[in-house]
Protein chains: 2
Amino acid sequence: MKNSTKKERFLLVVLKLIHRKGFKATTMRDIAHELNFEVANVYNYIDSKQSLLEGYLFDIQDEFHKAIDTILATPHSPNEKLRLLVASYIGITTRRPYHQALLVNEWRNLKEPQLQEFVSRRKDYENKMRGIIAEGIEEDQFRANDVEMMAQTILATLRWLHNKCLDSETIINPLEIEKQLLDFIFTGISKK
Amino acid sequence: MKNSTKKERFLLVVLKLIHRKGFKATTMRDIAHELNFEVANVYNYIDSKQSLLEGYLFDIQDEFHKAIDTILATPHSPNEKLRLLVASYIGITTRRPYHQALLVNEWRNLKEPQLQEFVSRRKDYENKMRGIIAEGIEEDQFRANDVEMMAQTILATLRWLHNKCLDSETIINPLEIEKQLLDFIFTGISKK
DNA sequence: TATTTACATGAACAATTGTTCATGTAAATA
DNA sequence: TATTTACATGAACAATTGTTCATGTAAATA
């Protein structure tokens with residue numbers, strides 16, 4: 001109980017530190033210093049530096065997967081599903097921007113076999129997304145461009161968002177962001 | 001002459017190595033081994049590991065800056081300028097995908113004061129892009145959304161492209177990619 | 001031919017890295 | 001009260017890191 005709260009604090013402080021310095025550049029001594037205790041004590045909280053990264057990444061990756069699976073289980077149209085997916089993506093990102101930043105920036109630092117697992121799970125996610133898009137094209141809801149390219153450009157757009165959540169001085173409004181990103185993805189920047 | 005060719009080969013081989021392993025994870029010994037000579041000899045080609053990264057990044061960053069400045073000097077409409085900008089971005093990326101991958105993935109590993117300089121130059125680029133967009137909104141060519149967000153989402157879309165150039169087994173067609181990305185950015189995925 | 005240049009080696013360096021171990025202590029639990 | 005648990009320290013480790021130095025050699029240049 002109190003136990004878990006203390007560990008949670010540890011994980012949050014370290015997450016922000018890693019976000020600031022980068023995973024490779026963050027040493028065990030940096031972590032200890034940030035928490036005002038000695039290096040050896042870090043190992044009372046975690047097993048290793050690698051397992052720390054794995055914990056953060058698989059945790060947030062799981063959240064994204066649960067979200068897409070929930071949406072796939074609904075009876076909505078492809079168009080609606082994609083809108084829901086974008087909304088859920090934005091929700092997770094605004095709720096957990098540090099985790100998302102780590103997911104985007106530091107996944108390369110995973111080692112085998114976790115790297116393999118991570119990439120393969122991400123591919124799962126992308127495949128599900130491609131499924132929605134392909135269906136939408138079939139039903140004539142989406143423009144018939146390359147499905148892979150469409151999925152990746154949409155994801156690229158969404159993956160940028162954590163920067164906005166973390167860097168900007170202004171407080172962000174998730175609903176306003178959602179509106180604008182949906183606008184961009186579905187109808188582009190041109191005024192018709 | 002022969003000198004420069006040999007150094008060029010060195011830089012290309014090492015660029016690919018760094019792209020494969022990541023900058024931090026690539027040791028001077030890795031570099032030497034990749035080129036079949038001893039560690040000490042690496043210093044006959046470069047001054048330091050840091051200067052190597054700086055060389056790659058400022059080189060490609062320069063190319064992007066020259067491109068946008070050329071476009072800004074034309075008398076085209078904002079709409080046309082943005083199309084040209086996207087086209088030039090795609091051109092650079094397809095011509096030098098390894099450099100672009102480094103630019104996107106490894107700029108965080110620059111140290112001060114180069115990091116400062118890099119970020120400030122990138123901000124310049126983004127400001128010029130925002131200028132085009134703001135002008136386009138004024139002239140009623142673009143939808144009146146948040147300029148910052150529009151610039152960043154367009155850039156996010158473009159920054160993904162190097163993956164396509166490097167990872168895919170299929171040979172890419174720059175013109176086809178240009179068409180599809182312009183499609184996405186200007187008119188979105190919806191079939192109207 | 002004499003000398004400079006470009007490219008190469010091997011040994012060594014000081015600093016930094018993640019991790020372990022023996023040990024301590026205050027609080028929670030039995 | 002006795003004992004377990006959670007959290008903490010300090011010293012040490014073996015490995016890895018970027019870099020330097022003295023030295024060599026074949027080819028290009030003077």
Side-chain angles (χ1 to χ4, degrees), chain A residues 1-58 102 105-115, chain B residues 1-58 102 105-115:
Chain A
M1 314 294 122
K2 193 192 253 177
N3 168 13
S4 103
T5 321
K6 195 144 196 183
K7 177 151 189 191
E8 274 165 25
R9 189 190 109 85
F10 171 92
L11 287 176
L12 188 64
V13 170
V14 174
L15 174 60
K16 290 182 182 175
L17 178 67
I18 291 177
H19 171 257
R20 187 152 25 94
K21 303 199 64 166
F23 177 72
K24 276 250 160 82
T26 304
T27 68
M28 298 305 268
R29 281 155 186 84
D30 290 334
I31 292 175
H33 182 260
E34 186 80 6
L35 289 151
N36 290 309
F37 52 55
E38 300 301 315
V39 206
N41 194 26
V42 177
Y43 288 88
N44 284 320
Y45 293 84
I46 56 168
D47 288 338
S48 67
K49 200 188 169 191
Q50 278 300 313
S51 74
L52 183 62
L53 182 64
E54 293 159 16
Y56 290 128
L57 295 190
F58 285 112
L102 225 64
N105 295 324
E106 308 284 7
W107 63 270
R108 278 163 227 268
N109 292 311
L110 286 172
K111 292 191 178 154
E112 300 298 357
Q114 286 80 12
L115 181 58
Chain B
M1 316 293 120
K2 193 194 250 174
N3 167 13
S4 103
T5 320
K6 195 145 195 184
K7 177 150 188 190
E8 273 164 26
R9 188 190 109 86
F10 171 93
L11 286 177
L12 187 65
V13 169
V14 174
L15 174 61
K16 289 182 182 174
L17 178 66
I18 291 178
H19 170 257
R20 186 152 26 92
K21 303 200 65 166
F23 177 72
K24 275 251 160 82
T26 305
T27 69
M28 297 306 266
R29 280 155 188 86
D30 290 334
I31 292 174
H33 182 258
E34 187 79 5
L35 289 149
N36 289 310
F37 53 54
E38 298 302 314
V39 206
N41 194 26
V42 177
Y43 289 88
N44 285 319
Y45 292 84
I46 56 167
D47 288 337
S48 67
K49 199 189 169 190
Q50 277 300 314
S51 73
L52 183 62
L53 182 64
E54 292 159 18
Y56 290 128
L57 295 191
F58 286 111
L102 226 63
N105 295 323
E106 308 284 5
W107 64 270
R108 279 163 227 267
N109 291 311
L110 286 173
K111 290 191 179 158
E112 300 298 357
Q114 287 81 12
L115 181 59

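Bear in mind that the values here come from a model prediction, so they are computed numbers and not experimental data. So that the names make sense, note that chain A is the first sequence line, chain B the second, and so on, each numbered from 1.
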Length of the [atom1]-[atom2] vector between [X] and [N], whole Å:
X	N	atom1	atom2	result
A:K49	D:dT16	NZ	C1'	13 Å
A:N44	C:dT20	CG	P	12 Å
B:N41	D:dT19	CG	C1'	14 Å
A:Y43	C:dG18	OH	P	7 Å
B:N109	D:dG18	CG	P	12 Å
B:R29	C:dA11	CZ	C1'	11 Å
B:H33	D:dT16	NE2	P	15 Å
B:E38	D:dA22	CD	P	19 Å

*Phosphate oxygens OP1/OP2 of C:dA8: is one of them under 4.0 Å from a side-chain N or O of B:K6?*
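Checking C:dA8 against B:K6, a side-chain N or O does come within under 4.0 Å of OP1 or OP2.
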*Trace of the ring pair (Phe, Tyr, Trp, His ring centres under 6.0 Å) decision for A:Y45 with A:F37*: CA-CA 12 Å; A:Y45 293 84; A:F37 52 55; 5.7 Å; yes
*Identified stems (criterion: three or more consecutive Watson-Crick or G-U pairs, under 3.5 Å), DNA chain D*: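 In DNA chain D, stems of three or more pairs: C:1-30 with D:1-30.
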Separation of [Y] [atom2] from [X] [atom1] (nearest 0.5 Å):
X	Y	atom1	atom2	result
B:N41	B:I31	CG	CD1	12.0 Å
B:M28	B:H33	CE	NE2	16.0 Å
B:L12	B:K16	CG	NZ	4.5 Å

*Heavy atoms only: give me the nearest A:W107-A:L57 pair and the separation to one decimal.*
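The answer is CA-CD1, 3.6 Å.
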*Which one, D:dT19, C:dG18, D:dT9, comes nearest to the side chain of B:V39?*
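Within the option list, the nearest is D:dT19.
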_Any carboxylate oxygen within less than 4.0 angstrom of a Lys/Arg side-chain nitrogen, looking at B:K21 and B:E34?_
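Judged by the 4.0 Å cut-off on N to carboxylate O distance, B:K21 and B:E34 do not form a salt bridge.
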